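The structure under discussion appears below in the form of structure tokens.
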Amino acid sequence: MERVKLNTGEALVPALRALYERSGYSRYKMSKFEEYDLYVRNKDFLVSDSVITFTDTNGRLMALKPDVTLSIVKNSKDTPGFAQKVYYQENVYRISKGTASFKEIEQVGLECMGDLDAYCIFEVLSLACESLRMISPDAVLDLSHLGIVSALLDDLSQPPEVNEQLLKCLGEKNPHELRRICAENGVVPEKTARLVALAETYGPPAQVLQALDALDPPMPDRAPLDALRTLVGWFDGTPYAGMLRLDFSVVSAMKYYNGVVFKGFVPGVPESILSGGQYDHLMKKLHRASGAIGFAMYLDLLERFDRCDPYDVDTVLLYDETADLNGLMAAVAGLQADGCAVSAQRTLPEKFRARRVLQYKDGEVIPVE
Amino acid sequence: MNDMLNVALPKGRLGEKAYAMMETAGFPCPAIKENNRKLIFENEAVGVRYFWVKPSDVAIYVERGAADVGIVGKDILLEYAPEVYELLDLQMGKCRMAVAAKEDFHDDRRRTLVVATKFTRIAQDYYASLGRDIDIIHLNGSIELAPILGLSDVIVDIVETGTTLRENHLIPIETIVPISARLIANKAAFKFKNEKIEAIVQSMAKQLEEKA
């Protein structure tokens, strides 16, 4: 088959699908629509509250999918000792922040649901790293562990609305507002300092873990910190070790997520292009006894990664009414054989840009000045 | 990868003060002090590029990655809620977001309160936290006129010295939130230009400590 000029996102999809299939993840194809009720019951899990709805012919209120994970989890089954591994390539419909209007977003992602063990988590994180590396060798994966964050918040014994404000500040790496909220709510300075340290710390795992070990007073619950240490330890000696950063500003809805949460970044794209985490709480809410971890990649963001092509076509071949059509067709085929994309035209519109312009005249192809 | 650090400065006195702090932090760009109408200034030797933008646009430049870091008022952050890191309170450009009304204003809680403001989200969030039903009128300027002409009961606006309010026979009746300039960073730039950004944060924090 001939080579088609693909942008980064288009070229990435088959490579990602091959990667996931090699790892035993099977394609999960789904309908564009879902009953709206599913999103109403789990609206905090969604990135935005707004959903495009319509009434189906049977009177049911349906929605254009704003999220893929909920639909997959809804159809999962608990099987002891087994994890269902699926990947998807779907469009979701969400509000675009800039225009406040709906946007179709192409997502590729995977979910590992069931009797999760350490290997499942390691595998999903490794696949996230490899997916990012396919875009850029300089990509980074920021990791956090919600167990660490919730242990610190629990230790402050604040009401949920204050915890929500503190989480927002943590997500903004906002030390001054953290201090203000803590002071207003009577949190002792030592505990405030520990929370601020968590917000400010960022870097390779060894460096960050060392800083967290040195905290005084120490972390109230060491178990999640040790779990994170073990997790990053698995990556020692892998090609992904250098990509990992610890960053506790990665905070996802704690009502649904637990354990490790992560975001991926590539140079040239101003926001995270990959987002994922362990969401056992969502599974529980949907009456599943098992756990789950997964991630999604937002391929629409890769448009920013590609440079604008300054030309509409490689070559324009101009001809006039007197041209012999068989000869013209042969001339086009000859140029195509050289690897050019050729557009045969009688005139060249003012704003149409071609890398070069040729003319077919008297059976010859000649350059046009 | 572009290794230059792109800095969005708000046009005006606040931007000039912020630049002075950046200069002390080791990111000078003498060309910026030239009196001309240029908008972009570079110092390749230290790897920094500054640009002047409208203060309310700084957060957009940073959120969308055109700037790696920027200096912006807390009012803009609260109003537009951009997805950025808010790294430091620069303790300058201090003022407050307040509710103001005519001197003889009486809050009749049996009525829906009519609020005129440029800061719709801040006003909505504030009154939602009080459980108060309001009707918001979005205005782009001369907000003080609204209660005087009976367009609104109160206004929500930035109050610096209160002179404009006094001259129009208005008084601040409630402070919603104190405002000051903040150093913000693009989330992806924070990963890929981390050393430079951390150096700026640390130097600016030190400058603020010394000043205090």
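In this text the structure is predicted, and so the values were computed from the model without any measurement. Proteins come first, then strands; the chains are lettered A, B, ... in the order of their sequence lines, and each starts at number 1.
- With chain A as the partner, the residue from Ile60(B), Leu88(B), Val84(B) showing the most heavy-atom pairs under 4.5 Å is Leu88(B).
- No side-chain heavy atom of Asp142(A) sits less than 4.5 Å from a side-chain heavy atom of Phe262(A).
- With respect to Asp107(B) and Arg132(B), a salt bridge is recorded, a charged nitrogen being found less than 4.0 Å from a carboxylate O.
- Looking only at heavy-atom pairs under 4.5 Å with chain B, the residue among Asn174(A), Val140(A), Val269(A) that has the most is Asn174(A).
- Salt bridge absent: Lys168(A) and Glu164(A) never bring a charged side-chain N and a carboxylate O closer than 4.0 Å.
- Only the side chain of Ser249(A) has a heavy atom closer than 4.5 Å to any heavy atom of chain B.
- At a heavy-atom separation below 4.5 angstrom, chain A is approached by Arg182(B), Asn186(B), Lys187(B) within residues 180-187 of chain B.
- Comment: Lys173(A) engages Asp247(A) in a salt bridge, judged by a side-chain N to carboxylate O separation of less than 4.0 angstrom.
- Proximity to chain A is limited to the side chain of Asn194(B), based on heavy atoms less than 4.5 angstrom apart.
- Between Arg96(B) and Asp75(B) there is no salt bridge, since no side-chain N of the basic residue sits under 4.0 Å from a carboxylate O of the acidic one.
- Between Tyr19(B) and Tyr50(B), the distance separating the two ring centers is shorter than 6.0 angstrom.
- Residues forming a ring-ring contact (aromatic ring centres under 6.0 Å, His included) with Tyr85(B) (at least two apart in sequence, or on another chain): Phe190(B).
- Taking non-hydrogen atoms and a 4.5 Å limit, the residue list of residues 182-208 of chain A in contact with chain B, ordered by number, reads Glu200(A), Tyr202(A).
- Salt bridge annotation for Lys193(B)-Asp3(B): absent, with no cationic side-chain nitrogen under 4.0 angstrom from a carboxylate oxygen.
- Contacts of Val62(B) with chain A are absent, with no heavy-atom separation under 4.5 Å from either backbone or side chain.
- Here Arg121(B) does not pair with Glu79(B) in a salt bridge; the nearest charged N to carboxylate O distance is not below 4.0 Å.
- We find that Lys11(B) and Glu16(B) are not joined by a salt bridge, their nearest charged nitrogen and carboxylate oxygen being 4.0 Å or further apart.
- Residues forming a salt bridge (Lys or Arg N to Asp or Glu O under 4.0 Å) with Arg111(B) (at least two apart in sequence, or on another chain): Asp153(B).
- A salt bridge links Glu130(A) with Arg133(A); the closest basic N to acidic carboxylate O contact falls under 4.0 Å.
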